[in-house]
Amino acid sequence: MTARTYFIRTFGCQMNEHDSERAAGVLEMMGYRRADDPETAGLVLFNTCAIRENADNKLYGQLSHLKPLKLADPQKTIVVGGCLAQKDQGELAKRAPWVDVVYGTHNMGRLPELLAAADSAAVPVVEILEHTEMFPSALPARREVRHHAWVSISIGCNNACTFCIVPLLRGPEKSRKLGEVVAEVRALVDDGVTEVTLLGQNVNSYGRDLVALDPGDGPRNRTRFAELLHALGEVDGLERVRFTSPHPKDFTSDVFAAMRDVPNVCEQLHLPLQSGSDRILRRMQRSYRSSRFLDLVTEARETIPGVAISTDIIVGFPGETEDDFGDTLRVTKLAAFDSAFTFEYSKRPGTAAVEFDGHLDPQVVGERYRRLTDLTRRLSAASNARQVGTVQQILIEGPSKTDAQRMSGRTRGNRLVHVGRTAAAVPAALLHAEITSAASFYLLGRVTDAPARPAVPGPLPTVAQ
Ligand code: 5AD
Ligand code: SF4
């Protein structure tokens with residue numbers, strides 16, 4: 001008998017990438033081997049996203065591609081899991097009845113049972129649980145990159161941003177115990193991992209649910225998240241710690257201090273702005289205001305030398321006026337983001353904002369979107385230009401996707417750097433690179449033995465409107 005094979009396609013965020021690595025781990029434990037494409041794989045799993053409408057459309061498009069393959073080979077197994085499955089539930093099986101298994105955000109651990117049930121079922125097996133007692137972290141993982149691991153520190157979200165479907169799909173926030181996270185990281189380091197990215201919908205509120213059960217033994221004035229960063233600073237062999245995403249309303253100074261004081265915590269901060277208008281932030285139910293956001297940006301830059309700050313911004317939220325949008329441009333310029341993820345508002349049925357007045361004409365949204373991305377691209381270019389002449393630590397990831405003569409790596413600030421191939425520039429190597437030139441979204445550099453040489457502190461980049 002030929003080995004059973006699988007192919008996983010991941011849509012959406014890093015939490016989904018983490019979950020897909022667990023799904024792959026579970027399948028490999030069952031004896032499946034990885035296939036290179038969905039056409040030849042015996043089992044195809046789509047780990048889905050529901051955050052914006054185009055994620056929905058993409059999934060249904062890709063499922064239609066699989067239909068003829070399934071008709072030609074009824075033995076092929078098609079599995080759909082994750083956020084969109086949780087959102088659409090039975091509807092998904094109705095729209096794509098050629099799928100075999102549909103499971104939600106809380107039951108990936110049940111994959112073996114669901115696949116067994118699908119073997120003897122004539123219709124799709126659909127299992128959507130409303131909550132779980134088990135973190136996916138308890139499942140085996142098949143990591144994509146040997147030196148990097150995603151580590152989830154909490155699941156779910158207790159906020160209710162009016163545009164966001166995540167709390168509906170991933171449930172209330174639940175934190176993992178600090179000792180469990182540290183133990184997982186230690187085991188990963190023993191397995192060759194040098195860089196971890198901590199994942200949670202709101203990492204700053206990490207552990208609030210645990211404090212009630214066990215106040216812990218860290219300093220009383222420190223949040224659990226800062227305590228976790230300090231604890232990970234003690235893990236020998238762990239070179240880099242990143243995290244995403246914090247929430248501006250819950251950000252505390254002890255986390256900035258930890259980013260400054262704990263050597264393996266990278267100088268990289270992803271701080272979602274969403275809108276620069278206080279009126280829109282209120283409608284979004286984001287309980288900070290633009291001045292508080294800018295204070296955090298200032299504090300981060302003052303506390304953590306060289307920190308690179310990225311953000312998420314939504315354009316065209318219902319009721320957004322030209323003045324509100326002007327505030328977003330203004331705050332974006334003042335924050336001088338090093339990079340930004342920008343989104344057009346997308347209606348998500350079930351969220352509060354769908355019912356709001358003032359949904360905008362897509363043409364208006366598109367036009368504002370272009371103005372914002374023009375600004376954020378120029379800010380990225382200015383920020384990258386400041387790196388030229390510096391010497392920075394880079395972690396090599398692999399060959400450049402655009403130029404076979406080069407290898408690509410990331411700085412501690414998470415900037416992409418392409419360097420010429422050298423004997424030392426192999427995946428997972430930690431090297432120094434002198435930055436020789438800069439473009440909007442990448443840097444070019446040369447591997448060097450010279451010690452790190454940071455950018456000369458100076459005024460933040462300013463760009464014309
Ligand atoms: N429309 C557009 N963008 C959204 N995001 C979340 N929900 C929506 C939506 N309905 C964006 C937010 C969030 C990022 C992960 O996705 O900016 O921070
Ligand atoms: Fe969504 Fe807001 Fe929770 Fe982030 S904090 S997952 S945007 S509800």
Side-chain angles (χ1 to χ4, degrees), residues 242 244-245 266-276 290 293-294 296-298 300-302 304-316 325-344 365-397 400-403 405-420 432-448 452-465:
R242 305 185 188 280
T244 194
S245 284
C266 289
E267 298 81 17
Q268 180 212 348
L269 178 67
H270 182 70
L271 197 62
L273 170 65
Q274 311 299 5
S275 171
S290 57
F293 185 91
L294 287 170
L296 284 173
V297 167
T298 303
R301 294 206 199 275
E302 283 175 0
I304 312 152
V307 66
I309 305 182
S310 58
T311 196
D312 291 339
I313 304 171
I314 298 177
V315 177
F325 178 64
D327 282 341
T328 295
L329 292 177
R330 183 181 56 83
V331 174
T332 299
K333 274 175 84 172
L334 288 172
F337 294 117
D338 298 277
S339 63
F341 298 89
T342 48
F343 309 101
E344 295 186 354
V365 181
E367 190 267 334
R368 286 182 190 165
Y369 182 80
R370 278 187 294 279
R371 280 155 66 199
L372 178 65
T373 50
D374 178 59
L375 173 61
T376 56
R377 188 191 46 73
R378 285 183 293 132
L379 285 170
S380 295
S383 158
N384 276 350
R386 284 161 59 88
Q387 311 305 310
V388 175
T390 63
V391 174
Q392 303 202 30
Q393 185 202 61
I394 58 169
L395 178 55
I396 300 288
E397 293 183 342
S400 156
K401 294 198 176 92
T402 50
D403 179 352
Q405 299 309 310
R406 294 204 167 108
M407 296 294 282
S408 300
R410 298 237 167 219
T411 66
R412 287 174 57 98
N414 210 30
R415 296 174 208 264
L416 182 63
V417 185
H418 305 298
V419 293
H432 278 166
E434 175 168 7
I435 307 304
T436 50
S437 67
S440 300
F441 302 117
Y442 65 87
L443 302 170
L444 294 181
R446 162 166 22 94
V447 172
T448 172
R453 187 167 66 225
V456 182
L460 287 173
T462 48
V463 293
Q465 184 70 47

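Atom CD1 of I309 and atom NE2 of H270 lie 11.5 Å apart (nearest 0.5 Å). Between the CG atom of L443 and the OG1 atom of T390 there is a distance of 7.5 Å, given to the nearest 0.5 Å. Remark: L375 CG to S380 OG distance equals 9.5 Å, nearest 0.5 Å. Between atom CG of residue L334 and atom OG of residue S290 there is a gap of 9.0 Å, rounded to the nearest 0.5 Å.
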> Stepwise, does the salt bridge (charged side-chain N to carboxylate O under 4.0 Å, His left out) test hold for D327 with R330?
Replying inline: CA-CA 5 Å; D327 282 341; R330 183 181 56 83; 3.5 Å; yes
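Proximity of V419 to I396: side-chain heavy atoms (C-beta onward) are separated by under 4.5 Å at one or more points. F337 has its side chain out of reach of T376: every pair of non-hydrogen atoms, C-beta onward, lies at least 4.5 Å apart. Counting heavy atoms from C-beta on, the side chains of V417 and T411 come closer than 4.5 Å.
Looking only at atom types and distance, the side chain of T328 has no donor-acceptor partner in the side chain of R368 under 3.5 Å away.
Checked against salt bridge (Lys or Arg N to Asp or Glu O under 4.0 Å), R386 has no partners two or more places apart in sequence or in another chain. Applying the side-chain contact (heavy atoms from CB on, under 4.5 Å) test to Y442 and every residue at least two apart in sequence or in another chain returns L416, H418, A439, L444.
Distance alone, capped at 3.5 Å, is enough to place a donor-acceptor pair between the N384 side chain and the S440 backbone. R453 places a side-chain N or O within 3.5 Å of a backbone atom of G389 that can act as its donor or acceptor partner. Without hydrogens or angle criteria, T311 side chain to L273 main chain gives a donor-acceptor distance under 3.5 Å.
A side-chain hydrogen bond (donor to acceptor under 3.5 Å, both in side chains) with Q392 is found for exactly one of R412, Q387, H432, namely Q387.
Taking a cutoff of 4.0 Å between a charged side-chain nitrogen and a carboxylate oxygen, D374 and R378 qualify as a salt bridge.
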